[in-house]
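See below for the structure under consideration.
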Amino acid sequence: MKDTNKHQGLRNQLAKILEDKGIIDKKVLEAIKKIPRHLFLNSSFEDFAYQDKAFPIGAGQTISQPYTVAFQSQLLEVKKDQKILEIGTGSGYQTAVLCLLGAKVYSIERQNELFKTTSILLPKLGIRPKHLSFGDGYKGLPSHAPFDSIIVTAGAPIIPQPLMAQLKIGGKLVIPLGEKDQIMTMLIRKNETQFEKHEFGDFKFVPLLENKN
């Protein structure tokens with residue numbers, strides 16, 4: 001598991017690309033510069049690691065485009081020690097970004113193959129989420145709720161009600177909403193029953209799958 005000066009140079013270039021695209025959160029850009037994204041891909045695909053593109057990682061899933069990871073992370077405005085629920089651990093790259101931003105990350109993955117791989121990889125890289133679990137992201141993690149923020153890393157046709165219920169008052173839920181293409185959507189919980197909705201344009205994600213036993 002090598003991380004070289006060349007890799008660091010490529011990360012710096014990637015951060016500059018993301019900044020040029022409108023990512024202004026310096027802490028998010030610093031996390032992008034620090035995390036060895038090539039180690040989250042099969043080594044034969046290393047050349048693709050620092051392009052601003054999504055890439056297949058197995059089990060029909062992808063490692064999200066770096067811009068998308070940075071954009072969702074920026075929307076959350078992560079503060080140190082916030083409890084963040086991530087729906088869709090995937091490769092663990094977004095998880096790693098949130099950890100470097102200082103969050104206490106609770107993450108769910110429904111593909112067992114990815115869950116096992118990521119559970120081994122993250123500690124090897126010195127990245128320690130608070131809790132990784134294998135299960136149905138639609139249900140959230142009620143036993144660990146409430147959360148300061150919730151991030152969904154797959155396209156959902158609707159906002160799962162359990163996730164809304166597990167959000168603290170004042171908390172943010174960032175979710176790509178839609179069937180084929182998605183609109184990046186943020187809900188801010190105003191009180192027990194009211195949520196303020198914001199939309200941030202079109203994105204493309206793999207679908208959020210439900211009913212994992």
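With Thr4 as reference, His7 is the one residue of Gln8, Lys2, His7 to meet the side-chain hydrogen bond (donor to acceptor under 3.5 Å, both in side chains) rule.
Contact record, Cys99 with Val105: SG-CG2, 3.8 Å, taken as the closest heavy-atom pair. Shortest non-hydrogen contact noted between Thr95 and Ser107 is OG1-OG, 4.2 Å. Closest approach of Leu41 and Phe48 over heavy atoms only: CD1-C, 4.4 Å. Residue Arg189 comes nearest to Ala165 through the heavy atom pair NH1-O, 3.4 Å, listed as atom of the first residue, atom of the second, then distance. Considering all non-hydrogen atoms of both residues, Leu122 and Pro129 come closest at CD1-CG, 3.8 Å. Of all heavy-atom pairs spanning Gln94 and Ser73, the tightest one is NE2-OG, 2.8 Å.
Between Lys6 atom NZ and His38 atom NE2 the span is 10.0 Å, to the nearest 0.5 Å. With values rounded to the nearest 0.5 angstrom, Lys190 atom NZ is found 11.5 Å from Leu187 atom CG. A distance of 12.0 Å separates NZ of Lys139 from CD of Gln166, quoted to the nearest 0.5 Å.
Side-chain N or O atoms of Gln194 include none that pairs as donor or acceptor with a backbone N or O of Asn191 at under 3.5 Å. In this structure, the side chain of Asp25 does not engage the main chain of Gln74 through any donor-acceptor pair within 3.5 Å. Between the side chain of Thr118 and the backbone N or O of Gly90 there is at least one donor-acceptor pair closer than 3.5 Å. A donor-acceptor pair under 3.5 Å is absent between the side-chain atoms of Tyr106 and the main chain of Lys130, judged by distance alone. Here the side chain of Glu109 pairs no donor or acceptor atom with the backbone of Phe115 at under 3.5 angstrom.
One finds no salt bridge joining Glu196 and Lys172 here, because no Lys/Arg side-chain nitrogen approaches an Asp/Glu carboxylate oxygen to under 4.0 Å. Salt bridge annotation for Lys197-Glu199: present, with a cationic side-chain nitrogen under 4.0 angstrom from a carboxylate oxygen. We find that Glu30 and Lys33 are joined by a salt bridge, their nearest charged nitrogen and carboxylate oxygen being less than 4.0 Å apart.
Considering only heavy atoms from C-beta on, Glu192 comes within 4.5 Å of Ile169 through its side chain. Between Asp81 and Lys104 the shortest side-chain heavy-atom distance falls below 4.5 Å. Inter-residue side-chain proximity for Ile57 and Ile63 is flagged as met; some heavy-atom pair is nearer than 4.5 Å. Looking at heavy atoms from C-beta onward, Leu101 lies out of side-chain contact with Ile84 at the 4.5 angstrom threshold. Leu85 places a side-chain heavy atom less than 4.5 Å from the side chain of Ile108. Contact check for Arg37 versus Tyr93: side-chain heavy atoms found under the 4.5 Å cut-off. Taking the side chain as every heavy atom from C-beta outward, Ile183 and Asp202 approach each other to under 4.5 Å.
For Thr68, the side chain to side chain contact (heavy atoms under 4.5 Å, CB included) partners at least two apart in sequence or on another chain are Gln65, Gln72, Met184, Phe203, Phe205.
Linking Ile, Leu, Val, Met, Phe, Trp and Tyr residues whenever their side-chain heavy atoms come within less than 4.5 Å places Ile188 and Val78 in a single cluster. Tracing side-chain contacts under 4.5 Å through hydrophobic residues (I, L, V, M, F, W, Y), one reaches Leu14 starting from Phe45; they form part of the same cluster. Hydrophobic clustering, with ILVMFWY side chains joined whenever heavy atoms are under 4.5 angstrom apart, groups Val97 together with Phe200. Hydrophobic clustering places Leu100 together with Leu121 (ILVMFWY residues linked when any side-chain heavy atoms are closer than 4.5 Å, directly or through intermediates). Note on Ile17 and Tyr67: separate hydrophobic clusters, where clusters join Ile, Leu, Val, Met, Phe, Trp and Tyr whose side-chain heavy atoms are under 4.5 Å apart, directly or indirectly.
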Donor-acceptor pairs are to be reported for all side-chain atoms of residues 145-164 against protein atoms at under 3.5 Å, with residues two or more places apart or in another chain.
| residue | atom | partner | partner atom | Å |
| --- | --- | --- | --- | --- |
| Asp148 | OD1 | Lys168 | NZ | 3.1 |
| Asp148 | OD2 | Lys83 | N | 2.7 |
| Thr153 | OG1 | Ile87 | O | 3.0 |
| Thr153 | OG1 | Gly88 | O | 2.8 |

